[in-house]
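Chain naming here is simple, since letters A, B, ... match the order of the sequence lines and numbering starts at 1 in each. Computation of the quantities below employed the complete heavy-atom set of this structure, encompassing side-chain atoms and omitting hydrogens, waters and symmetry-equivalent molecules. These numbers were taken from a predicted model, which means no experiment stands behind them.
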Amino acid sequence: MKSQKYAVAEVAAPVLNATADEVAALVEYPPQPEMGDLALPCFRFAKQLRTSPQLIAAQVAEALTASGRFATAEVAGAYVNIRLNRAEVANEFVNLAASDPASLFSKRRHQGDTAAIDYSSPNIAKPFGVGHLRSTMIGQALARMMRCDGFTVIGINHLGDWGTQFGKNIAAYLRWGDEETVRQNPVRELLRLYVRFHQEVENNPELEEEGRMWFKRLESGDAEAVRLWRWFIDESLKEFRKTYDLLGVEFDHYLGESFYNDKMQAVIDELRAKNLLIESQGAEVVDLSDVDMPPCIIVKSNGTSIYATRDLAAALYRHDVLGANHLIYVVGAEQKLHFAQLFEVLRRMGREWAANCRHVAFGLMKYNGKRLSTRRGQVVYLEDVLAQAVSEAARIIEEKNPSLPNKEQVARDVGIGAVIFNDLKNYRLHEVDFRFEDVLNFDGETGPYVQYTHARACSVLRKAEAESVRVPERASFTQVIESEWTLVRLFAQANEVFERALDDMDPSQIARYALDVSHAFNRFYHDAPILGAEPVLREQRLVLTHAVRRVLTFSLYLLGLKAPEAM
RNA sequence: GUCUCAGUAGCUCAGCUGGAUAGAGCAACAGCCUUCUAAGCUGUGGGUCGGGGGUUCGAAUCCCUCCUGAGACGCCA
């Protein structure tokens with residue numbers, strides 16, 4: 001709709017003694033569609049032009065009408081309400097949506113840029129819970145959105161595969177575990193041992209020392225410690241990959257924290273060489289008091305490094321070795337300060353690309369209003385949630401469409417889609433309270449609703465084919481009824497929605513858009529015959545249906561959902 | 001204590017860089033399948049936009065203040 005806003009602005013600007021860009025920024029959508037397609041409020045020109053806003057609006061309306069570029073331009077108080085030439089706009093956007101939905105959304109503003117996105121990043125030997133869905137799916141959606149906007153995207157799974165917890169894991173395993181049980185159910189068994197460790201430590205404090213001892217051995221390369229550690233990683237990854245396969249999530253690199261063990265000294269050396277390190281309470285830190293931030297600890301008082309050092313090494317690796325000039329971190333909001341410090345230190349190290357680093361924070365996932373504690377063994381496994389959603393989808397298919405071919409696959413696509421969409425539809429910074437009743441409800445503003453709408457559109461197109469009705473590549477629109485026009489307007493807004501979603505790093509805006517298109521199509525489907533319309537109208541409506549189908553497929557793709565053709 | 005984020009209908013949330021009577025979904029109730037998939041469509045009820053100030057022609061939106069909740073605040077990541 002940008003081009004239409006600008007067209008209005010071009011004509012109105014001379015009347016308002018302002019530039020077209022200034023005016024274009026003021027053009028908005030009227031609250032009620034009956035008022036018009038676009039509106040220009042004229043209040044703020046009153047002072048400069050020394051006339052009433054109403055009079056200014058009248059002059060603007062006159063100029064817009066005289067230009068002949070719009071269907072109507074009417075005054076309503078201080079507003080000018082503009083109606084567009086429906087057939088013209090429909091010809092432009094419906095045909096574009098039908099032929100090339102990616103171009104409908106994106107102008108590929110970032111051709112030539114490379115972005116490394118850090119997302120999902122679960123901890124080894126810990127469960128993959130519902131909480132990990134957030135980083136995983138927001139990251140996956142952003143990866144696709146950024147790729148669509150021209151970025152070369154590098155997806156990185158920054159696995160938590162290092163730290164003192166592995167000393168505890170090893171100690172607990174050696175005391176109470178056995179190979180066979182772990183092999184059968186690695187993550188659940190390792191968690192059980194880990195939880196037991198924390199329980200027993202209450203009465204038996206020397207266990208802590210045992211854990212520390214095993215981590216020291218691991219650090220110094222002790223064969224037994226390294227063997228067990230690697231084994232935990234392998235077993236955990238096998239399970240994680242199963243979940244990623246279900247979700248359809250992919251990474252270019254699995255690079256755990258341990259990968260940077262030998263890359264941190266260089267960071268420390270560089271910071272020291274650049275005189276950024278100062279001694280403080282026995283530790284070495286970068287002082288950030290001049291930007292009102294607490295110091296960033298680089299070397300602990302016991303001489304070892306810390307996560308900030310590791311993250312600096314990882315950032316340098318992503319830029320210098322992987323060639324990324326934009327670094328994106330899809331990590332919980334609780335690490336906000338840490339990333340602010342990290343980016344500030346990078347800037348002080350002279351890395352001008354620090355300005356392109358972004359922490360895409362998200363709110364905590366709670367369960368029945370409570371925070372889950374892995375350490376206490378409170379976990380809702382994502383694989384259990386997905387399985388329940390899939391069986392609910394299967395149940396509904398059995399009830400509504402038992403003759404559907406490919407039932408199992410569709411149940412998977414829909415059930416998993418419901419879980420993903422439920423997570424992506426809300427603003428990422430909000431905390432989400434995970435509740436099965438919400439996730440397993442497939443009515444209303446849900447993934448299955450969008451998928452169902454897509455399947456409906458597919459069904460019409462299939463039926464056309466079966467009746468040997470040709471669906472042309474493009475149509476020439478003549479008359480456009482209200483319910484069609486709502487769809488056309490949405491297509492015309494796709495680019496604005498997409499760019500805002502990307503600038504805000506907010507997939508929920510794509511999800512809302514898909515819901516809007518779905519609702520508009522369902523209304524159209526209900527109101528107007530498609531196949532039953534007379535030939536000229538039938539042709540337009542089939543192209544419109546095809547456009548809806550492609551726009552929904554594309555939106556669902558961006559969000560990481562499958563688009564079954566029947567359900 | 002300081003900082004950050006959030007507070008909109010019974011519940012879950014939209015509301016774009018301030019703009020016209022604050023919108024959806026769920027839940028409740030009432031309609032719509034001899035016609036392209038009813039996982040749909042339509043309608044009804046439901047709101048002092050946390051409270052109070054301020055800026056403005058105009059504030060859910062910006063500023064101040066208070067209340068509530070969450071998170072962060074040096075050797076976990």
Side-chain angles (χ1 to χ4, degrees), chain A residues 25-26 28-32 35 39 41 43-44 46-47 52-53 76-79 81 121 123 158 160 162-165 257 280-285 292-302 304-308 310-311 331-338 340 361 363-364 366 371 393 396-397 399-401 404 414 418 422 425-427 429-433 435 437-438 441-453 455-464 467 496-497 500 504 508-509 512 515-516 518-519 521-523 525-533 541 545 566-567:
Chain A
L26 292 173
E28 59 188 38
Y29 302 108
Q32 309 295 330
M35 295 172 172
F43 302 98
R44 70 181 61 191
K47 214 170 256 173
S52 74
Y79 291 85
N81 289 329
S121 309
N123 292 320
H158 188 68
W162 198 250
T164 51
Q165 69 133 337
E257 292 168 0
S280 166
Q281 299 170 32
E284 292 191 71
V285 308
D292 287 321
M293 276 194 260
C296 182
I297 298 182
I298 301 295
V299 182
K300 298 196 279 190
S301 49
N302 67 3
T304 61
S305 61
I306 186 172
Y307 57 89
R310 191 177 301 274
D311 281 350
V331 178
E334 67 276 7
Q335 293 193 37
K336 206 176 165 181
L337 176 61
H338 167 244
L364 216 63
K366 294 181 175 182
R371 195 176 178 171
I396 294 176
I397 289 170
E399 177 190 314
K400 311 217 180 223
N401 198 357
L404 179 73
V414 173
N422 181 258
K425 77 174 171 191
N426 293 136
Y427 182 54
L429 277 169
H430 279 142
E431 288 182 5
V432 297
D433 190 0
R435 283 180 319 205
E437 48 174 314
D438 292 340
N441 177 14
F442 296 175
D443 298 329
E445 297 173 331
T446 66
Y449 172 77
V450 178
Q451 290 171 317
Y452 175 78
T453 309
R456 250 186 167 176
C458 288
S459 172
V460 174
L461 296 167
R462 260 198 310 276
K463 196 147 188 175
E467 293 174 9
E496 277 171 296
V497 171
R500 210 184 126 209
D504 296 350
S508 75
Q509 294 178 40
R512 304 249 155 229
L515 289 170
D516 289 343
S518 298
H519 184 244
F521 179 74
N522 281 321
R523 174 120 208 205
Y525 178 93
H526 182 266
D527 286 359
I530 302 170
L531 289 167
R541 289 178 181 170
T545 302
M567 63 186 269

* Structure fact -> RNA chain B nearest-nucleotide lookup for A:Pro294 and A:Tyr307: closer to the 5′ end is A:Pro294
* Earlier contact from the 5' end, RNA chain B, for A:Arg523 and A:Lys336 -> A:Lys336
Side chain to side chain donor-acceptor pair (under 3.5 Å) against [X], all qualifying residues, sequence neighbours excluded:
X        : answer
A:Lys336 : none
A:His519 : none
A:Asn422 : none
A:Ser305 : none

In residues 456-463 of chain A, what donor-acceptor pairs under 3.5 Å come from side-chain atoms, sequence neighbours left out?
| unit_1 | atom_1 | unit_2 | atom_2 | d |
| --- | --- | --- | --- | --- |
| A:Arg456 | NH1 | A:Asn522 | OD1 | 2.8 |
| A:Arg462 | NH1 | A:Glu565 | O | 3.0 |

* What about A:Ser280, does its side chain sit under 3.5 Å from the base of B:rG74 through a donor-acceptor pair? ->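 Between B:rG74 and A:Ser280, which were checked side chain against base, a qualifying N/O pair under 3.5 Å is present.
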* Side-chain donor or acceptor of A:Asn522 under 3.5 Å from a matching atom on the base of B:rA38? ->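 It does not, because no donor-acceptor pair links the side chain of A:Asn522 to the base of B:rA38 below 3.5 Å.
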Describe the nucleic acid contact of [X] in one word from base, sugar-phosphate, nothing, applying a heavy-atom distance below 4.0 Å.
X        : answer
A:Asn81  : base
A:Leu515 : nothing
A:Leu337 : sugar-phosphate
A:Gln335 : base
A:Met567 : base
A:Ala566 : base
A:Ala361 : nothing

Review item, nucleotides 32-36 of chain B N/O atoms under 3.5 Å of protein N/O:
| unit_1 | atom_1 | unit_2 | atom_2 | d |
| --- | --- | --- | --- | --- |
| B:rC36 | O2 | A:Leu531 | N | 3.1 |
| B:rC36 | N3 | A:Ile530 | N | 3.0 |
| B:rC36 | N4 | A:Tyr525 | O | 2.6 |
| B:rC36 | N4 | A:Ala528 | O | 2.4 |

[atom1] atom, [N] versus [M]: distance in rounded Å?
N      : M      : atom1 : result
B:rU37 : B:rC29 : C1'   : 27 Å
B:rA14 : B:rA6  : P     : 11 Å
B:rA27 : B:rU65 : C1'   : 38 Å
B:rG25 : B:rG40 : C1'   : 14 Å
B:rU2  : B:rC49 : C1'   : 29 Å
B:rA20 : B:rG10 : P     : 23 Å

* Asked: Would you write out the dot-bracket form of RNA chain B, 5' to 3', with Watson-Crick and G-U pairs under 3.5 Å, [ ] for crossing pairs, | for pairs to other strands and . for unpaired bases?
  -> (((((((..((((.....[...)))).(((((.......))))).....(((((..]....))))))))))))....
* Starting at the 5' end of nucleotides 9-15 of chain B, put B wherever the base has a protein heavy atom under 4.0 Å, S where only the sugar-phosphate does, and a dash everywhere else. => --SSSSS
Partner set under salt bridge (charged side-chain N to carboxylate O under 4.0 Å, His left out) for [X], not counting sequence neighbours:
X        : result
A:Glu437 : none
A:Asp443 : none
A:Asp527 : A:Arg523
A:Glu28  : none

Atom [atom1] of [X] to atom [atom2] of [N]: distance rounded to whole Å?
X        : N      : atom1 : atom2 : answer
A:Tyr29  : B:rC16 : OH    : C1'   : 10 Å
A:Gln32  : B:rG23 : CD    : P     : 6 Å
A:Leu429 : B:rG7  : CG    : C1'   : 14 Å

* To do: Name the orientation class of the two ring planes belonging to A:His430 and A:Tyr427 (parallel below 30°, tilted from 30 to 60°, perpendicular beyond 60°).
  =>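 Rings of A:His430 and A:Tyr427: perpendicular, as their planes differ by over 60°.
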* Check every atom of B:rU42, B:rU37, B:rC76 against the side chain of A:Ala455 and return the nucleotide holding the closest atom. => B:rU37
* To do: Counting heavy atoms from C-beta on, name the nucleotide in B:rG74, B:rA20, B:rC41 closest to the side chain of A:His519.
  =>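 For A:His519, the side-chain atoms sit closest to B:rC41.
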* Give a yes/no answer on whether the side chain of A:Lys400 brings an N or O atom under 4.0 Å of OP1 or OP2 in B:rU37. => no
